[in-house]
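Single-structure report; data block below.
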Amino acid sequence: MAPKMRTRGTTRTLQSSNDEETKTNAHSEDSPLEVGQAVRGKRKGSGKTGKQESSKAKKSPERPQYCHWLMKSEPESRLENGIDVKFGIEDLKTLPNQTGCWDGVRNYQARNFMRDMKEGQHAFFYHSNCKEPGIAGVMKIVKESYVDHTQFDKKDVHYDASSKADNPKWSMVDVQFERMLKRFIPLSELKKIHLQHKVKGGSLNGMALFTRARLSVQPLTTEEFEFVLSLEDNDPL
DNA sequence: GCCAACGTTGGC
DNA sequence: GCCAACGTTGGC
């Protein structure tokens with residue numbers, strides 16, 4: 001499974017220019033994430049003392065359970081630390097079984113959303129940082145979150161010197177190409193609709209693409225997902 | 001290439 | 001825990 005893919009997830013790690021190690025991003029693991037069960041104190045710091053829950057402990061009944069997603073990747077060549085991060089939907093189609101691992105996400109909120117993903121759910125493949133940004137197609141989650149091996153690979157663009165093998169920070173999922181949209185839905189069109197819906201109400205009123213623009217892995221409500229799909233059959237705005 | 005928005009870091 | 005400085009994202 002899973003050949004590797006290079007995405008950028010938004011994420012690009014904290015490294016950037018050279019890595020220095022530093023870091024620890026100590027906190028931050030949270031985000032919306034697990035509130036944990038129980039009430040024990042309010043979550044707040046979580047107290048994570050050293051034990052981490054094993055990654056999975058999880059699931060909190062209280063955070064909204066999303067079942068549709070949008071994942072960004074760059075379809076045009078761009079060098080990052082000398083490595084081309086290009087990975088568009090056509091690249092996904094090319095992989096064996098049209099399946100790849102969505103590695104390289106180095107942002108806690110995005111990572112946490114990936115950890116919420118369930119096998120069989122659908123995600124839009126969004127083309128970012130390119131001539132025409134927008135939604136190109138649909139993919140399916142075929143493997144739930146597991147350790148992103150690229151965090152330990154010094155030659156990888158998203159290598160993270162602060163992540164230790166016995167307590168990996170970053171996760172990824174496997175995705176499989178499902179289909180192209182009948183027509184590419186450009187960001188500009190989604191934006192116009194979003195603006196209208198903000199005023200008069202409508203499905204895309206609170207779409208994360210606009211309310212949390214920099215998140216590379218974001219949730220969509222079922223209503224949002226279906227609304228976007230309905231645009232396929234309309235003429236471009 | 002610019003730059004606004006926003007996440008992260010780290011001093012205090 | 002606050003918050004200023006800094007770095008990244010990603011549209012334009």
Side-chain angles (χ1 to χ4, degrees), chain A residues 5-34 41-49 69-89 91 102-115 123-136 148 150-151 156-164 167-172 184-196 198 204 206-220 228 236-237:
Chain A
M5 98 185 325
R6 270 140 190 192
T7 15
R8 120 215 252 54
T10 287
T11 330
R12 347 178 107 265
T13 321
L14 332 152
Q15 44 187 53
S16 50
S17 355
N18 346 254
D19 39 343
E20 27 232 289
E21 32 273 19
T22 358
K23 28 289 221 28
T24 20
N25 316 297
H27 19 338
S28 342
E29 286 255 337
D30 42 12
S31 22
L33 181 20
E34 30 231 16
K42 15 217 14 336
R43 77 137 42 244
K44 51 188 353 344
S46 44
K48 7 205 71 219
T49 16
W69 314 93
L70 178 148
M71 302 170 89
K72 301 179 183 176
S73 188
E74 303 185 31
E76 295 173 4
S77 288
R78 185 176 64 81
L79 298 186
E80 202 173 312
N81 298 338
I83 298 169
D84 192 354
V85 296
K86 169 184 186 295
F87 188 82
I89 197 163
D91 298 299
W102 204 266
D103 63 28
V105 171
R106 299 291 183 271
N107 167 281
Y108 290 108
Q109 293 183 65
R111 177 202 69 179
N112 292 341
F113 283 129
M114 283 202 296
R115 289 182 176 180
F124 285 131
F125 194 124
Y126 179 89
H127 281 171
S128 68
N129 212 13
C130 56
K131 202 68 98 37
E132 180 144 57
I135 298 173
D148 177 347
T150 66
Q151 66 196 300
D156 193 275
V157 201
H158 303 289
Y159 171 64
D160 181 358
S162 73
S163 183
K164 301 305 173 201
N167 187 17
K169 285 186 181 173
W170 309 112
S171 303
M172 64 186 180
F184 180 84
I185 311 287
L187 175 65
S188 58
E189 178 171 345
L190 292 169
K191 183 177 286 181
K192 287 177 200 162
I193 295 168
H194 165 68
L195 290 175
Q196 289 174 195
K198 269 209 304 187
L204 301 193
M207 195 181 188
L209 193 56
F210 304 103
T211 60
R212 312 174 70 186
R214 296 177 42 191
L215 249 195
S216 67
V217 174
Q218 35 183 266
L220 276 82
V228 172
L237 263 203

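Predicted, not measured: the structure shown is a model, and the values here were computed from it. Chain identifiers are assigned alphabetically (A, B, ...) following the order of the sequence lines, protein sequences preceding nucleic acid strands; residue numbering begins at 1 within each chain.
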Round to the nearest Å and state the distance from [X] atom [atom1] to [N] atom [atom2].
X	N	atom1	atom2	result
A:Q218	C:dG10	CD	P	9 Å
A:L79	C:dT8	CG	P	16 Å
A:I135	C:dG10	CD1	P	14 Å
A:D160	C:dT8	CG	P	13 Å
A:R212	B:dA4	CZ	P	23 Å
A:L190	C:dC12	CG	P	11 Å
A:E189	C:dG11	CD	P	16 Å
A:R78	C:dG11	CZ	C1'	13 Å

Taking 4.0 Å as the cut-off, does a side-chain nitrogen or oxygen of A:K191 come that near to OP1 or OP2 on C:dG11?
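Result: no.
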
Verify whether one side chain among A:T150 and A:R106 offers a donor that lies under 3.5 Å from an acceptor in the other.
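Yes, side-chain donor-acceptor contact under 3.5 Å.
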
Presence of salt bridge, A:R78 and A:E80, under 4.0 angstrom:
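Salt bridge present between A:E80 and A:R78.
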
Of the nucleotides [options], which has the atom closest to the [X] side chain?
X	options	value
A:N107	B:dA5, B:dT8, C:dG11	B:dT8
A:R214	C:dG10, C:dT8, C:dG11	C:dT8
A:S128	B:dC6, B:dT8, C:dG11	C:dG11

Would you give the length of the straight line joining atom OH of A:Y108 to atom NZ of A:K169, rounded to the nearest 0.5 angstrom?
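Nearest 0.5 Å value for the OH-NZ distance: 4.0 Å.
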
Who pairs with A:F184 by ring pair (Phe, Tyr, Trp, His ring centres under 6.0 Å), at least two apart in sequence or on another chain?
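In terms of ring pair (Phe, Tyr, Trp, His ring centres under 6.0 Å), with neighbours along the sequence ignored, A:F184 is linked to no residue.
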
Which residues pass the ring pair (Phe, Tyr, Trp, His ring centres under 6.0 Å) test with A:F124, sequence neighbours left out?
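Here the qualifying residues are A:F225.
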
Could you tell me whether A:K131 contacts a base, only the sugar-phosphate backbone, or nothing, with contacts defined as non-hydrogen atoms closer than 4.0 Å?
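Touches nothing.
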
Which part of the nucleic acid, if any, lies within reach of A:Y126 when heavy atoms closer than 4.0 Å are counted: base, sugar-phosphate only, or nothing?
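It contacts sugar-phosphate atoms only.
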
